[in-house]
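Just the heavy atoms: all of them, side chains too, but no hydrogens, waters or symmetry mates, feed the values below. No experiment lies behind these values; they were computed from the predicted model shown.
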Amino acid sequence: MEHIAHHKVEGVDVFCLTDGGLEFPPKIFPGVEEQRRETLLKDAGLTGVQTVFNCYVLRFSDGRIAMVDTGCGAEFGEKGGRMRRLLSWLGILPEYVSRIIFTHLHSDHCGGAVTGDELTFPNAEITLHVREALHWSGKASVAGRLLDRVSSVRTVRGGDDLGDGITVWSLPGHTPGHIGLRLGDLALVGDVVHSEALQLPDPATRPIYDEDPDLAIQSCNLALNAIVDDGLVWSGCHMLGPEKFARLERQGRGFTRMSL
């Protein structure tokens, strides 16, 4: 099915849904000189710094449904908003979702959780890092509106066991409470990488969206090295292409993505 990729791990069906996408202007990566940017993009078969908005569905063996992020919803107009339709392709109604684990609360990750003034997933418990909840609570943003409306919020810290074999992986820097998740040999790494073409060759390349760029570099290196060293399958919220689950190999001072 278009815009949906599937991977099974520890008896859990993991689906990656692509909610939309756009092209970043060059200013998003100010540390990359024009000539190097053009060379890296050409090597990757790209003409611009393209990105997509991925979120995930976890279907457990007993039929329970959880999500990891919710896409951007209406936040980017026609550039996004496909998530509800993609869920229907999987036979999932919004009320079936019992938990949403947020990697962080930027609008391209939580915008899909709010439809107008209502919660898109009325029965879902919200799970996020305690620092992320504190950072966004009360703010005039989609994240603030979401936190104002939900009745069930679970805050967690790095290393916490979420049940069903899922462990919280603290990867701060992009936002104060940015997290990844570990499930068996699968790592969902959120936004440690926004552009594989620009950042995998040099993980010190960071977008302007990082709250703490130095800490984000540390988290990015931690995640990418662990994926290689532990032989993990990984997926990121801005991973391009139809194959949303991959492996990594070291290449020079950086990394290269490898198909499963």
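Counted by atom type alone, H129 and H104 present zero donor-acceptor pairs between their side chains at under 3.5 Å. For the 3.5 Å distance criterion, the side chains of T175 and E132 qualify, holding a donor opposite an acceptor. Judged by distance alone, the side chains of S98 and E125 never bring a donor and an acceptor atom under 3.5 Å apart. A donor-acceptor pair shorter than 3.5 Å can be found between the side chains of D69 and T103. Between the side chains of D191 and H109, a donor-acceptor pair is found at a separation under 3.5 Å.
Under the 4.5 Å side-chain heavy-atom criterion for grouping Ile, Leu, Val, Met, Phe, Trp and Tyr, I166 is connected to V68 within one hydrophobic cluster. When hydrophobic clusters are built by joining Ile, Leu, Val, Met, Phe, Trp and Tyr residues whose side-chain heavy atoms come closer than 4.5 Å, directly or via intermediates, M67 is not grouped with V168. Under a hydrophobic clustering in which Ile, Leu, Val, Met, Phe, Trp and Tyr are joined whenever their side-chain heavy atoms come within less than 4.5 Å, directly or via other members, I100 and I65 fall into the same cluster. Hydrophobic clustering (side-chain heavy atoms under 4.5 Å, transitive across Ile, Leu, Val, Met, Phe, Trp, Tyr) keeps I217 apart from L224. Y96 and F60 are not part of a single hydrophobic cluster, where members link through side-chain heavy atoms under 4.5 Å apart.
In E38, the CD atom is crowded: over 12 heavy atoms of neighbouring residues, nucleotides or ligands sit closer than 6.0 Å. A 6.0 Å sphere centred on CG of D117 holds no more than 12 heavy atoms belonging to other residues, nucleotides or ligands. Within a 6.0 Å sphere centred on NZ of K42, heavy atoms belonging to other residues, nucleotides or ligands number 12 at most.
For the pair E211 and P176, the minimum side-chain heavy-atom distance is below 4.5 Å. Using a 4.5 Å cut-off on side-chain heavy atoms (C-beta onward), T51 and E23 make no contact. Side-chain contact between R36 and E34: absent, with no pair of heavy atoms (C-beta onward) separated by less than 4.5 Å. Using a 4.5 Å heavy-atom threshold, the side chains of H238 and E196 count as separate. Side-chain contact between P26 and R37 is present, with at least one heavy-atom pair separated by less than 4.5 Å. You'll find the side chain of L17 reaches within 4.5 Å of the side chain of V57, heavy atoms only. Contact of the M239 side chain with the N54 side chain is registered, since non-hydrogen atoms from C-beta on lie closer than 4.5 Å. You'll find the side chain of L162 stays beyond 4.5 Å of the side chain of T167, heavy atoms only.
Atom CG of L58 is separated from atom CG of D13 by 9.5 Å, given to the nearest 0.5 angstrom. The line from CD1 of I92 to CE of M83 is 11.0 Å long, rounded to the nearest 0.5 Å. In this structure, the separation between CG on L181 and CH2 on W169 is 10.0 Å, given to the nearest 0.5 Å. Separating the CZ atom in F255 from the CH2 atom in W234 is a distance of 10.0 Å, to the nearest 0.5 Å. Rounding to the nearest 0.5 angstrom, the gap separating the SG atom in C16 from the CD atom in E243 is 12.0 Å. Residue L200 holds its CG atom at 8.0 Å from OG of S195, rounded to the nearest 0.5 Å.
For R59 (side chain) and V14 (main-chain N/O), no donor-acceptor pair under 3.5 Å exists by modelled atom type. A distance-only check finds no donor-acceptor pair linking the side chain of Q50 to the backbone of L22 [under 3.5 Å]. Checking side-chain atoms of D230 against main-chain N and O of L232 turns up no donor-acceptor pair under 3.5 Å. The backbone N or O of A204 lies less than 3.5 Å from a partner atom in the side chain of D202, making a donor-acceptor pair. No donor-acceptor distance shorter than 3.5 angstrom exists from the side chain of T127 to the backbone of I101, with no hydrogens or angles considered. With hydrogens and angles disregarded, a donor-acceptor distance shorter than 3.5 Å links the side chain of D19 to the backbone of C72. Checking side-chain atoms of S219 against main-chain N and O of A216 turns up no donor-acceptor pair under 3.5 Å. In terms of modelled atom types and a separation under 3.5 Å, the side chain of R247 and the main chain of G231 share a donor-acceptor contact. The closest donor-acceptor contact from the side chain of H7 to the backbone of F245 lies at 3.5 Å or more, if one exists at all. At least one donor-acceptor pair under 3.5 Å links the side chain of Q199 to the backbone N or O of T205.
Salt-bridge formation is not detected for the pair R154/D160: no Lys NZ or Arg NE/NH1/NH2 atom is positioned less than 4.0 Å from an Asp or Glu carboxylate oxygen. A salt bridge links D164 and R64; the closest N-O separation between the charged side-chain nitrogens and carboxylate oxygens is under 4.0 Å.
Between F53 and F76, the distance separating the two ring centers is shorter than 6.0 angstrom.
When all heavy atoms of L46 and A197 are compared, the pair lying nearest together is CD1-CB, 4.1 Å. Between C110 and V142, the shortest heavy-atom distance links the atoms SG-CG1, 3.7 Å. Heavy atoms only, all atoms of each residue included: V189 and G236 are closest at CG2-CA, 4.0 Å. Among all heavy-atom pairs drawn from F102 and A113, the shortest one is CZ-CB, 4.0 Å. A143 and L105 make their closest contact through CB-O, 3.4 Å (heavy atoms, listed as atom of the first residue, atom of the second, distance). Contact between S170 and G158 at its shortest, heavy atoms only, is CB-CA, 3.8 Å.
Contacts of Y209 classified as ring pair (Phe, Tyr, Trp, His ring centres under 6.0 Å), with partners at least two apart in sequence or in another chain: F24.
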- prompt: What's the verdict on side chain to side chain contact (heavy atoms under 4.5 Å, CB included) for D185 and V9, showing C-alpha distance, side-chain angles and the deciding distance?
  reply: CA-CA 7 Å; D185 71 348; V9 58; 3.6 Å; yes

query: Checking salt bridge (Lys or Arg N to Asp or Glu O under 4.0 Å) for the pair K79/D108: CA distance, chi angles, key distance, verdict?
result: CA-CA 11 Å; K79 301 293 185 181; D108 54 324; over 6 Å; no

F121/L87 under side chain to side chain contact (heavy atoms under 4.5 Å, CB included): CA gap, chis, key distance, verdict: CA-CA 12 Å; F121 305 97; L87 286 175; 3.7 Å; yes

message: Under the criterion side chain to side chain contact (heavy atoms under 4.5 Å, CB included), I'd like the reasoning laid out for L248 against T256: C-alpha separation, chi angles, the key distance, then a yes or no.
response: CA-CA 6 Å; L248 275 181; T256 186; over 6 Å; no

Working for side chain to side chain contact (heavy atoms under 4.5 Å, CB included), residues D210 and D212: CA-CA 5 Å; D210 288 342; D212 185 335; over 6 Å; no

